[in-house]
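Every heavy atom of this structure was used, including side-chain atoms; hydrogens, water molecules and symmetry mates were not. Here is how names work: the chains are called A, B, and so on, in the same order as the sequence lines, proteins then strands, and each is numbered from 1.
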Amino acid sequence: MATAQETMPGVPARANEKNDELTAVSGIISPVEILRIAWEGVVRNKVRSLLTMLGVIIGVAAVIIMIAISAGTEATIADQIEGLGTNLIFIQASFGRGGPGGGGDTGPSLVFDDTAVVESVAGVTGTAVDQTSVQNVKADGATLTDVSLMGTTTDFPSVRDVAVADGRFFNQTEVDRSAKVAVLGAGLAADLFGESNPIGQSITVGTTKLGVIGVAAEKGVVGNTDFDAMLYVPITLVFDKFTPTMFRQFAGDRVRLIYVQIEEGADMDAVIQQIQLKLAVSKGVTVDELPFTMQTQQDIIDTQGATTAAFRSLLAWVAGVSLIVGGIGIMNIMLVSVTERTREIGIRQSVGATPTDIRLQFLTEAVMLSLVGGLIGVATGVGGSILFGLTSDMRTVIVPSSILLAFGSAALVGILFGFFPANKAAQLDPIEALRHE
Amino acid sequence: MNNQPIIQTENLRKVYGMGDIQVAALGGVDIRIDEGEFVAVMGPSGSGKSTLMNILGCLDRPTDGRYLLAGDDVSGLNKVQLASIRNRRIGFIFQSFNLLSRTSALRNVMLPLVYKREGQLSPKAREEKAMAALEAVGLADRANHEPNEMSGGQRQRVAIARALVNDPVLVMADEPTGNLDTKTGDEIMTLLHELHGRGRTILMVTHEQYIADQTERTIVLVDGRLHTDAANGDK
């Protein structure tokens, strides 16, 4: 190097003076210009840009619509559970030991007399039993098969929140005497008697003739039970007429369920413990051996909630995958775009664009595409959710946080998947790039 | 006036390939071009002409030897530094114009100003400067037209305006008339002469002897070495 200086007169000092200017490349180009360059890149080829965005649009819209559907489903279920009645506990014989009808020792079963034990607990305001069987029902003109016959007690209307629209529900005397009376669900009444008034008419259930004393108000389907198709009779009548004698001798006055209504504001857990204790004592077993499950409404809500939460997270995963697919779409088209625009990159490099400038340009373009795609996706998703809710039976609830989530992940996807193509562009050699056709 | 050297190279070498198979595109070239000179570079294909131009244009680095551009050694600079040098000191004119498509003439001319880091101009100042450069090549009225709406000659003028907008110390023209018909080519040559007349240093690659004859001096490369370097007598 020293010899070179000697052979070149007039060069020396200047080279050192300007050294800083040569080696220190400072500052970035104006951010406004970067945005403008990226925007020009997006607008210059609208079809390509739209294709690039398509994946993100679909992904974002899918996230919003799917979350709206699952939120709608959750809301519907919550409403239904509200309709079960308030402050209820369900006592149910669990099919633990041997199962229903399974051989061997089945342990103590849930019987009608247990209601007295339950009612003796402080805080219990009422009970109702439920022993359901399926019967054929005949009225003068019509015959219906497979009607759900529910044997229950007098508190049933208040406990299960079923109103009597016409006539009356059976009273305690009728239960005590296993009177041959029946109350019809609204739908059943219409099916059997049409327009005419069923009160005072008689129906034949199996081989037993019953007098109709009331018709329940419409309630619809709650959980799995269609209240309107139900035929209510005194529980004692079920034992006397609709339970095989052999079975009754063997199993006693078995009931499927006891509904327990709790005083407003009472401590649920304490009441449940008391009930368990008293039942255990009356059966002569320990609380742990008691073969009954006790569910509160909250338990049912929690179970349903867990189910819908699982459903929702499944949908979120599906939607998330579609966003990733959208990101891969951006990356693919950006890679093609970098190849296609090699000459442009070369031109920019020849007038002084640094690798960082080029990288920023393509990265900004990718983010811009995914943000614009995200916006279109949000509009599509919100519109689609509303349209879906209007045109189908399913309810949709647009969740604001899902919009943020979808939009945010779109931006993230743009950065992540834009990086590779942007790097590729930045590393192009200016000579090769300028020569590219 | 013509004593300040713009280009000075010493034993400039460029070797391609790795390991045993090595091809020397430039086998040690010494050139000195002073401020205000208009020099033509000729040579058959494969003579190392393009390689030389790439190195002199700071698009590439020599394998060996020194290159001083306006007094500064640029042979050891990295990619980023070279980009900055191109931006501030060199204006390129290409055979195929190399304008950005679907971009107005004005935006094309502004491009070097956009990538200027030191003493960054305001958007308004950039536009004014680009407009002035377009005026200088007689295309102020086409500022908002896109390249595909222009003739070849007009496109090359836009490219020349872009090459000048950053006030470079060296203008590199790579067969600037190669894609143009004779008449348009002559117009572009007239424009280059005007620039030269105003003191620009221009280095031009050409295949055509009559184009080369219009310059002050012709350098001929053969097999990666300087073959002849002589002043053109009649200019």
> Does any backbone or side-chain atom of A:Glu40 lie under 4.5 Å from a heavy atom of chain B? Answer side chain, backbone, both or neither.
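The side chain, not the backbone.
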> Are more than 12 heavy atoms from other residues, nucleotides or ligands located less than 6.0 Å from atom CG of A:Leu390?
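Yes, because the 6.0 Å sphere around CG of A:Leu390 holds more than 12 heavy atoms from other groups.
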> Atom NZ in B:Lys79, atom OG1 in A:Thr356: separation rounded to 0.5 Å?
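Result: 10.5 Å between the selected atoms.
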> Taking all non-hydrogen atoms of both residues into account, name the closest pair between B:Asn87 and A:Gly352 and its distance.
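Nearest heavy atoms, B:Asn87 then A:Gly352: CB-CA, 3.6 Å.
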> Check whether any side-chain heavy atom of A:Val351 lies under 4.5 Å from a side-chain heavy atom of B:Arg86, and answer yes or no.
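With C-beta onward as the side chain, the pair stays apart.
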> Go through the steps to decide whether B:Val114 and A:Arg348 satisfy the test side chain to side chain contact (heavy atoms under 4.5 Å, CB included), and finish with yes or no.
CA-CA 10 Å; B:Val114 166; A:Arg348 290 181 185 279; over 6 Å; no
> If the threshold is 4.0 Å, N to carboxylate O, is there a salt bridge linking A:Glu33 and B:Arg107?
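Yes, this pair counts.
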> Out of B:Asn166, B:Asn98, B:Asn11, which one racks up the most heavy-atom pairs below 4.5 Å with chain A?
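Answer, by heavy-atom pair count under 4.5 Å with chain A: B:Asn98.
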> Is a salt bridge present between B:Glu146 and A:Arg44, judged by a nitrogen-to-oxygen distance below 4.0 Å?
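Result for this pair is no, no salt bridge flagged.
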> Say you draw a straight line from CG of A:Asp357 to OH of B:Tyr115; how long is it, rounded to the nearest 0.5 Å?
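If we round to the nearest 0.5 Å, A:Asp357:CG and B:Tyr115:OH are 6.0 Å apart.
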> With chain A, which of B:Ala83, B:Pro123, B:Gly65, B:Gly57 has the greatest number of heavy-atom pairs at distances under 4.5 Å?
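It is B:Ala83.
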> Is the count of non-hydrogen atoms from other residues, nucleotides or ligands lying under 6.0 Å from B:Asp223 atom CG greater than 12?
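Counting other residues, nucleotides and ligands, CG of B:Asp223 stays at 12 neighbours or fewer.
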> Going by heavy atoms in the side chains, are B:Arg102 and A:Val43 under 4.5 Å from each other?
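A side-chain contact is absent here, since even the closest heavy-atom pair is not under 4.5 Å.
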> B:Leu59 and A:Ser350: which non-hydrogen atoms are nearest, and at how many Å?
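Shortest heavy-atom contact: CD2-CA, 4.4 Å.
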> Using non-hydrogen atoms and a 4.5 Å limit, figure out which bit of B:Ile90 sits close to chain A: side chain, backbone, both or neither.
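No part of it gets close to chain A.
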> Would you mind reporting whether A:Thr354 and B:Ser84 have side-chain heavy atoms less than 4.5 Å apart?
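Answer no - side chains too far apart.
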> Using 0.5 Å steps for rounding, measure from the CD atom of A:Glu432 to the CG atom of B:Asp60.
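Output value for this atom pair is 9.5 Å.
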> Can you tell me how far the OG atom of B:Ser96 sits from the CD1 atom of A:Ile347, to the nearest 0.5 Å?
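With rounding to 0.5 Å, OG (B:Ser96) is 8.0 Å from CD1 (A:Ile347).
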> Please look at B:Thr103 and chain A and tell me whether the side chain, the backbone, both or neither of the residue comes under 4.5 angstrom of a heavy atom of that chain.
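Answer is side chain: those atoms of B:Thr103 sit under 4.5 Å from chain A.
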